[in-house]
Protein chains: 2
Amino acid sequence: MPRPRSFSETDIAAAALAVIDHDGLAALSMRAVAVRLGLGTMSLYRYVSDREQLEGLVVDLVLSAVDTTPPPDLPWNEQLTVLVERARDAVAAHPQVVPLTLTHRHTSASVLRWAEAVLGVLTAAGFTGDRRAVALRCLLGHLIGSIQMDHLGPLSGAGTEAMARLSPEAHPLLAETAHGAREIGAGDEFRGGLHILLLGLRASLDEAAEAGPEVTNR
Amino acid sequence: MPRPRSFSETDIAAAALAVIDHDGLAALSMRAVAVRLGLGTMSLYRYVSDREQLEGLVVDLVLSAVDTTPPPDLPWNEQLTVLVERARDAVAAHPQVVPLTLTHRHTSASVLRWAEAVLGVLTAAGFTGDRRAVALRCLLGHLIGSIQMDHLGPLSGAGTEAMARLSPEAHPLLAETAHGAREIGAGDEFRGGLHILLLGLRASLDEAAEAGPEVTNR
DNA sequence: GTCCGTAGGCGTACGTCATACGCCTACGGA
DNA sequence: TCCGTAGGCGTATGACGTACGCCTACGGAC
């Protein structure tokens with residue numbers, strides 16, 4: 001084994017993440033990452049076969065930070081709240097990475113770990129079969145949707161501006177809502193939505209019990 | 001007024017959409033769109049100041065197709081279901097445009113129209129203030145999340161493959177869920193999730209009523 | 001201590017992209 | 001008939017991802 005590798009995959013990912021955090025997602029390029037590692041552009045290809053794979057490493061680094069052990073001694077809905085919020089926080093720590101997270105989500109082992117943990121809580125709560133799959137999908141959907149809305153919607157400014165400009169009479173309710181929404185933080189909206197979702201999940205569980213145990217697996 | 005314009009904004013958007021639908025999102029370039037219009041590359045800039053703006057036109061064209069008049073003579077939750085599903089269907093008709101939809105969502109007048117309609121139904125149902133804002137956000141979040149999951153998750157193949165490969169013993173619940181989920185369609189999952197969400201919204205309304213009318217505006 | 005094959009490092013080059021700039025020219029009102 | 005406006009486009013620039021092929025540093029075998 002001649003010439004040991006100078007960098008680990010984590011080193012590469014950290015360098016790319018540093019580029020993104022420092023100069024924005026648009027500045028992420030093979031050249032920029034190579035420079036940050038003190039490497040020639042093409043040397044980076046000794047570690048990564050592709051820009052695609054580089055992006056995957058970044059996403060995995062960001063998502064590896066989420067703790068997927070469910071908090072004990074809590075009812076299932078609060079356990080789910082904690083798990084979902086942890087995932088949200090991990091992504092929120094690197095706003096610029098959001099678009100990459102959405103694209104590379106399915107290739108990351110960290111996401112699978114998280115999903116497994118959520119499924120564990122759901123199972124313990126009594127969810128099975130398709131109902132459990134839908135519940136997971138629902139939670140993940142809310143998570144992804146919220147991340148999207150927080151970091152590509154109002155944050156980019158264009159959204160709020162466009163809304164404020166077009167709204168006056170054509171969209172009275174929207175204008176009122178947008179105005180009121182300025183008071184309420186993105187985090188509160190996220191938690192409020194999650195609360196509603198969990199109310200729905202509980203109701204869904206009741207529906208299943210009511211229909212009789214023999215069709216619980218629907 | 002010398003030299004009338006040869007193309008409308010809709011013509012431009014339609015050309016770009018044609019490129020995307022025919023050759024994929026990656027094939028979308030100023031050159032390709034110009035060629036499809038029988039124009040030189042730089043002439044396109046007479047109509048659009050930017051690639052950004054071009055993408056915005058495409059999104060607005062796709063989203064302009066959704067009918068935002070709530071179906072009458074239905075309970076509010078079914079009205080919401082219809083509105084959300086219409087939006088989903090419009091986007092699903094052009095799978096390749098999904099990433100653009102997510103990025104340019106907030107600049108599209110069609111989205112504002114849709115949001116206004118949803119807010120109308122929510123208001124009639126008794127939602128007000130922050131609770132209404134959260135409800136809207138929740139529905140939009142579910143919509144966006146589902147669109148993401150449908151068209152970047154399993155569809156891309158890599159997701160399901162990676163899951164099937166890594167799952168065996170490390171992620172037993174996930175493996176079971178993924179296996180079972182193959183039977184259930186994306187549409188069913190979307191509707192199932194929406195159903196859960198609406199159960200949650202109803203419960204949230206009950207919560208508000210229970211807390212007393214004087215705090216309804218929370 | 002010497003040698004050698006492996007694998008790291010990189011310089012160059014290519015094709016594609018968005019787009020700034022400035023030139024021609026078709027047109028419609030005067 | 002003429003002219004100014006605005007459409008159309010050729011050229012050029014700089015950034016990007018990455019294919020290719022060359023040097024060279026290293027660590028085990030002898």
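A, B, ... follow the sequence lines: proteins, then strands. Residue 1 opens every chain. Computation of the quantities below employed the complete heavy-atom set of this structure, encompassing side-chain atoms and omitting hydrogens, waters and symmetry-equivalent molecules.
dC27(C): Watson-Crick or G-U partner is dG4(D), with both key distances under 3.5 Å. The pairing partner recorded for dA15(D) is dT16(C), the criterion being a Watson-Crick or G-U wobble arrangement whose two distances lie under 3.5 angstrom.
A close approach under 4.0 Å does occur between a side-chain nitrogen or oxygen of S43(A) and OP1 or OP2 of dC10(C). At the phosphate of dG7(D), OP1 or OP2 sits under 4.0 Å from a side-chain N or O atom of R5(B). Between dG9(C) and S6(A), a contact under 4.0 Å exists linking OP1 or OP2 to a side-chain N or O.
Y47(B) comes within 4.0 angstrom of sugar-phosphate atoms only, judged by non-hydrogen atoms across all strands, and of no base. At a threshold of 4.0 angstrom between heavy atoms, the contacts of R51(B) are confined to the sugar-phosphate backbone, with no base atom among them.
Following rounding to the nearest Å, F7(B) (CZ) and dG7(D) (P) show an atom-to-atom distance of 12 Å. The distance between atom CD of E52(A) and atom P of dG17(D), rounded to the nearest whole Å, is 12 Å. Straight-line distance from the CG atom of L25(A) to the P atom of dA15(D): 18 Å, rounded to whole Å. The nearest whole Å value for the distance from the OH atom in Y45(B) to the C1' atom in dA6(D) is 19 Å. If you measure from atom CG of L44(A) to atom P of dC10(C), you get 11 Å, rounded to the nearest angstrom. For the pair L28(A) CG and dC16(D) P, the computed distance is 10 Å after rounding to whole Å. Atom CD in Q53(B) sits roughly 14 Å away from atom C1' in dT19(C) (whole-Å rounding).
DNA chain D is contacted by both M42(B) and R31(A); M42(B) maps to the nucleotide lying nearer its 5′ end (nearest heavy atom per residue).
Picking from dT18(D), dA18(C), dG28(C) the nucleotide with the shortest atom distance to the side chain of M30(A) gives dT18(D). If you check dC9(D), dC27(C), dG17(D) against the side chain of P4(B), the one that comes closest is dC27(C). Side-chain proximity of R46(B) to the nucleotides dG27(D), dT19(C), dG7(D) is greatest for dG7(D).
The aromatic rings of W76(B) and F127(B) sit perpendicular, their planes meeting at an angle over 60°, well past the 30° parallel limit. Taking the six-membered ring for Trp and thresholds of 30 and 60 degrees, F7(B) and Y47(B) have ring planes more than 60 degrees apart, a perpendicular arrangement.
Just one residue in the list V58(B), L17(B), L37(B), L61(B) forms a side chain to side chain contact (heavy atoms under 4.5 Å, CB included) with I12(B), and that residue is L37(B).
Using modelled atom types, one side-chain atom of T81(A) and one backbone atom of N77(A) make a donor-acceptor pair closer than 3.5 Å.
One finds no salt bridge joining D89(B) and R86(B) here, because no Lys/Arg side-chain nitrogen approaches an Asp/Glu carboxylate oxygen to under 4.0 Å.
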